[in-house]
Amino acid sequence: QVQLVESGGGLVQAGDSLRLSCAASGRTISGDGMAWFRQAPGKEREIVVGVTATGMGTYYADFVKGRFTISRDNAKNTVYLQMNSLKPEDTAVYYCATSKTGAAYRSASEYAYWGQGTQVTVSS
(Lines give C-alpha, C1' and ligand atoms only; values in the text may rest on other atoms or scores of the structure.)
Protein backbone atom coordinates (compact mmCIF):
# COMPACT_ATOMS: atom_id res chain seq x y z
CA GLN A 1 0.00 0.00 0.00
CA VAL A 2 1.27 3.45 -0.85
CA GLN A 3 -0.13 6.81 0.15
CA LEU A 4 0.31 9.84 -2.10
CA VAL A 5 -0.04 13.43 -0.98
CA GLU A 6 0.01 16.28 -3.47
CA SER A 7 0.90 19.83 -2.56
CA GLY A 8 1.84 23.10 -4.22
CA GLY A 9 -1.41 24.06 -5.85
CA GLY A 10 -2.92 27.50 -5.57
CA LEU A 11 -4.34 30.55 -7.30
CA VAL A 12 -2.06 32.22 -9.82
CA GLN A 13 -2.32 34.53 -12.79
CA ALA A 14 -1.90 33.54 -16.39
CA GLY A 15 1.78 33.29 -17.26
CA ASP A 16 2.84 32.39 -13.73
CA SER A 17 4.50 29.18 -12.59
CA LEU A 18 3.75 26.56 -9.96
CA ARG A 19 5.58 23.50 -8.77
CA LEU A 20 3.49 20.60 -7.57
CA SER A 21 4.90 17.89 -5.35
CA CYS A 22 3.67 14.36 -4.79
CA ALA A 23 5.12 12.75 -1.69
CA ALA A 24 4.74 9.02 -1.30
CA SER A 25 4.78 7.02 1.91
CA GLY A 26 4.21 3.43 2.89
CA ARG A 27 6.73 1.99 0.48
CA THR A 28 9.19 3.16 -2.11
CA ILE A 29 7.88 4.26 -5.48
CA SER A 30 11.26 3.92 -7.15
CA GLY A 31 10.02 0.96 -9.18
CA ASP A 32 6.74 2.56 -10.22
CA GLY A 33 5.79 4.53 -13.25
CA MET A 34 4.22 7.80 -12.12
CA ALA A 35 1.90 10.30 -13.68
CA TRP A 36 0.05 13.52 -13.13
CA PHE A 37 -3.58 13.72 -14.21
CA ARG A 38 -5.98 16.60 -13.97
CA GLN A 39 -9.72 17.03 -13.87
CA ALA A 40 -11.57 20.25 -14.54
CA PRO A 41 -15.20 20.77 -13.50
CA GLY A 42 -17.54 18.93 -15.82
CA LYS A 43 -14.73 17.22 -17.65
CA GLU A 44 -13.16 13.79 -17.56
CA ARG A 45 -9.86 13.15 -15.85
CA GLU A 46 -7.03 13.43 -18.37
CA ILE A 47 -3.39 12.60 -18.27
CA VAL A 48 -0.98 15.50 -18.16
CA VAL A 49 2.37 13.77 -18.01
CA GLY A 50 3.86 10.40 -17.13
CA VAL A 51 7.33 9.17 -16.27
CA THR A 52 8.80 5.69 -16.10
CA ALA A 53 10.39 4.27 -12.98
CA THR A 54 13.87 5.01 -14.28
CA GLY A 55 12.96 8.51 -15.29
CA MET A 56 14.25 7.85 -18.77
CA GLY A 57 10.86 7.71 -20.45
CA THR A 58 8.26 10.46 -20.36
CA TYR A 59 4.94 11.22 -21.98
CA TYR A 60 3.54 14.72 -22.23
CA ALA A 61 0.07 15.62 -23.37
CA ASP A 62 0.17 17.96 -26.33
CA PHE A 63 -1.44 20.78 -24.37
CA VAL A 64 1.49 20.95 -21.90
CA LYS A 65 4.47 20.25 -24.11
CA GLY A 66 7.11 22.91 -23.65
CA ARG A 67 5.42 24.29 -20.53
CA PHE A 68 5.33 21.48 -17.96
CA THR A 69 8.14 19.22 -16.76
CA ILE A 70 7.91 16.12 -14.64
CA SER A 71 10.76 14.94 -12.48
CA ARG A 72 11.25 12.45 -9.72
CA ASP A 73 13.56 12.14 -6.77
CA ASN A 74 13.48 8.50 -5.76
CA ALA A 75 15.66 9.21 -2.74
CA LYS A 76 12.91 11.48 -1.43
CA ASN A 77 10.12 9.24 -2.73
CA THR A 78 8.68 12.30 -4.43
CA VAL A 79 7.56 13.31 -7.89
CA TYR A 80 7.33 16.88 -9.07
CA LEU A 81 5.45 18.78 -11.75
CA GLN A 82 6.94 22.10 -12.76
CA MET A 83 4.28 24.15 -14.53
CA ASN A 84 5.32 27.26 -16.41
CA SER A 85 3.39 29.71 -18.58
CA LEU A 86 0.13 28.69 -16.96
CA LYS A 87 -3.10 29.36 -18.80
CA PRO A 88 -6.67 29.68 -17.51
CA GLU A 89 -7.49 26.39 -19.24
CA ASP A 90 -4.95 24.68 -16.93
CA THR A 91 -7.37 25.25 -14.06
CA ALA A 92 -8.18 21.85 -12.56
CA VAL A 93 -7.57 19.52 -9.67
CA TYR A 94 -4.23 17.82 -10.25
CA TYR A 95 -3.69 14.26 -9.10
CA CYS A 96 -0.58 12.13 -8.97
CA ALA A 97 -0.75 8.37 -9.37
CA THR A 98 1.48 5.30 -9.36
CA SER A 99 1.20 2.78 -12.16
CA LYS A 100 0.99 -0.98 -11.66
CA THR A 101 4.38 -1.44 -13.30
CA GLY A 102 7.51 0.57 -13.99
CA ALA A 103 6.02 1.93 -17.16
CA ALA A 104 3.99 5.08 -17.63
CA TYR A 105 0.60 4.83 -19.32
CA ARG A 106 -1.91 7.25 -20.74
CA SER A 107 -4.92 5.49 -19.29
CA ALA A 108 -6.02 6.15 -15.73
CA SER A 109 -7.04 2.51 -15.39
CA GLU A 110 -3.34 1.51 -15.39
CA TYR A 111 -2.70 3.41 -12.17
CA ALA A 112 -3.11 1.72 -8.84
CA TYR A 113 -2.82 4.45 -6.24
CA TRP A 114 -3.97 8.05 -6.31
CA GLY A 115 -3.51 11.11 -4.20
CA GLN A 116 -6.36 13.32 -3.04
CA GLY A 117 -5.52 16.07 -5.51
CA THR A 118 -4.45 19.68 -5.32
CA GLN A 119 -6.38 22.57 -6.83
CA VAL A 120 -4.71 24.76 -9.42
CA THR A 121 -6.59 27.88 -10.45
CA VAL A 122 -5.25 30.20 -13.12
CA SER A 123 -6.90 33.58 -13.53
CA SER A 124 -6.80 35.56 -16.76
Side-chain angles (χ1 to χ4, degrees):
Q1 190 93 5
V2 62
Q3 293 78 44
L4 303 174
V5 178
E6 301 96 336
S7 61
L11 172 62
V12 297
Q13 294 185 332
D16 286 350
S17 299
L18 279 175
R19 188 193 194 204
L20 305 184
S21 299
C22 173
S25 61
R27 64 163 175 81
T28 179
I29 57 170
S30 61
D32 298 349
M34 301 292 296
W36 287 92
F37 285 77
R38 71 185 187 185
Q39 188 166 19
K43 295 187 177 180
E44 294 187 354
R45 190 170 298 190
E46 61 183 356
I47 188 166
V48 176
V49 58
V51 63
T52 61
T54 63
M56 297 299 291
T58 56
Y59 166 78
Y60 288 89
D62 287 343
F63 53 79
V64 301
K65 283 182 180 177
R67 300 189 299 126
F68 292 10
T69 303
I70 190 170
S71 61
R72 61 188 303 160
D73 186 337
N74 286 337
K76 294 183 178 180
N77 228 25
T78 300
V79 176
Y80 304 96
L81 181 63
Q82 178 66 45
M83 305 187 295
N84 299 327
S85 302
L86 283 161
K87 304 175 181 180
E89 50 264 44
D90 294 320
T91 295
V93 177
Y94 284 71
Y95 301 89
C96 68
T98 67
S99 80
K100 300 172 184 177
T101 72
Y105 305 92
R106 300 182 187 183
S107 172
S109 65
E110 298 292 342
Y111 292 83
Y113 297 100
W114 295 79
Q116 82 291 346
T118 185
Q119 176 71 47
V120 171
T121 304
V122 185
S123 63
S124 59

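The basis for the numbers below is simple: all heavy atoms, side chains too, and nothing from hydrogens, waters or symmetry mates.
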Checking Asn77 side chain against Ile29 main chain: does a donor-acceptor pair fall under 3.5 Å?
yes
Can you name the residues that form a side chain to side chain donor-acceptor pair (under 3.5 Å) with Arg38, not counting sequence neighbours?
Glu46, Asp90, Tyr94
Can you tell me how far apart CE (Met83) and OG1 (Thr69) are? Round to the nearest 0.5 Å.
11.0 Å
Can you get from Val12 to Val64 by hopping between Ile, Leu, Val, Met, Phe, Trp and Tyr side chains that sit under 4.5 Å apart?
yes
Closest non-hydrogen atoms of Gln119 and Val93, given as atom of the first, atom of the second and distance, are OE1-CG2, 3.2 Å
To the closest 0.5 Å, what do you measure between CZ (Arg67) and CD (Gln82)?
12.0 Å
In terms of hydrophobic clusters joined by side-chain contacts under 4.5 Å, are Tyr59 and Val51 together?
no
Return the set of residues passing side chain to side chain donor-acceptor pair (under 3.5 Å) with Thr58 (not counting sequence neighbours), or none when no residue passes.
none
Search all heavy atoms of Ser124 against all heavy atoms of Ala14 and return the closest pair with its distance.
CA-CB, 4.4 Å
Under the criterion side-chain contact (heavy atoms from CB on, under 4.5 Å), which of Val49, Thr52, Thr78, Val79 is the partner of Met34?
Val79
Arg72 vs Ile70, side chain to side chain contact (heavy atoms under 4.5 Å, CB included): CA-CA, chis, key distance, verdict
CA-CA 7 Å; Arg72 61 188 303 160; Ile70 190 170; over 6 Å; no
Kindly say whether Val122 contributes a backbone atom to a donor-acceptor pair with the side chain of Thr91 at under 3.5 angstrom?
yes
Rounded to the nearest 0.5 Å, what's the gap from CH2 on Trp36 to OH on Tyr80? Could you check?
10.5 Å
The test is side chain to side chain contact (heavy atoms under 4.5 Å, CB included); show your working for Leu20 and Glu6 and say whether it passes.
CA-CA 7 Å; Leu20 305 184; Glu6 301 96 336; over 6 Å; no
Heavy-atom closest pair (Tyr95 atom, Gln116 atom, distance to 0.1 Å) is CE2-O, 3.5 Å
Mark yes when over 12 heavy atoms from residues, nucleotides or ligands other than Lys76 sit less than 6.0 Å from its NZ; otherwise mark no.
no
Between Ala92 and Ala40, which heavy-atom pair has the shortest distance, and what is it?
CB-N, 3.8 Å
Going from OH on Tyr113 to OG1 on Thr98, what distance comes out if it is rounded to the nearest 0.5 angstrom?
7.0 Å
Distance in Å, Thr101 OG1 paired with Glu110 CD, rounded so as to fall on 0.5 Å steps:
7.5 Å
Over all atoms of both residues, closest heavy-atom pair of Ser109 and Ser107:
OG-OG, 2.8 Å
Same hydrophobic cluster for Leu18 and Val5, using side-chain heavy-atom links shorter than 4.5 Å among ILVMFWY?
no
Is there a side-chain contact between Leu86 and Phe68 (heavy atoms, below 4.5 Å)?
yes
Closest heavy-atom pair, Ala61 versus Ile47, reported as atoms and distance to 0.1 Å, is CB-O, 3.6 Å
Answer yes or no: is there an ion pair linking Arg27 with Asp32, defined by an N-O contact shorter than 4.0 Å?
yes
Look up atom OG in Ser85 and atom CG in Asp16, then write down how far apart they are to the nearest 0.5 Å.
9.5 Å
Sequence neighbours left out, what passes ring pair (Phe, Tyr, Trp, His ring centres under 6.0 Å) with Phe37? Give chain and number order.
Tyr111, Trp114
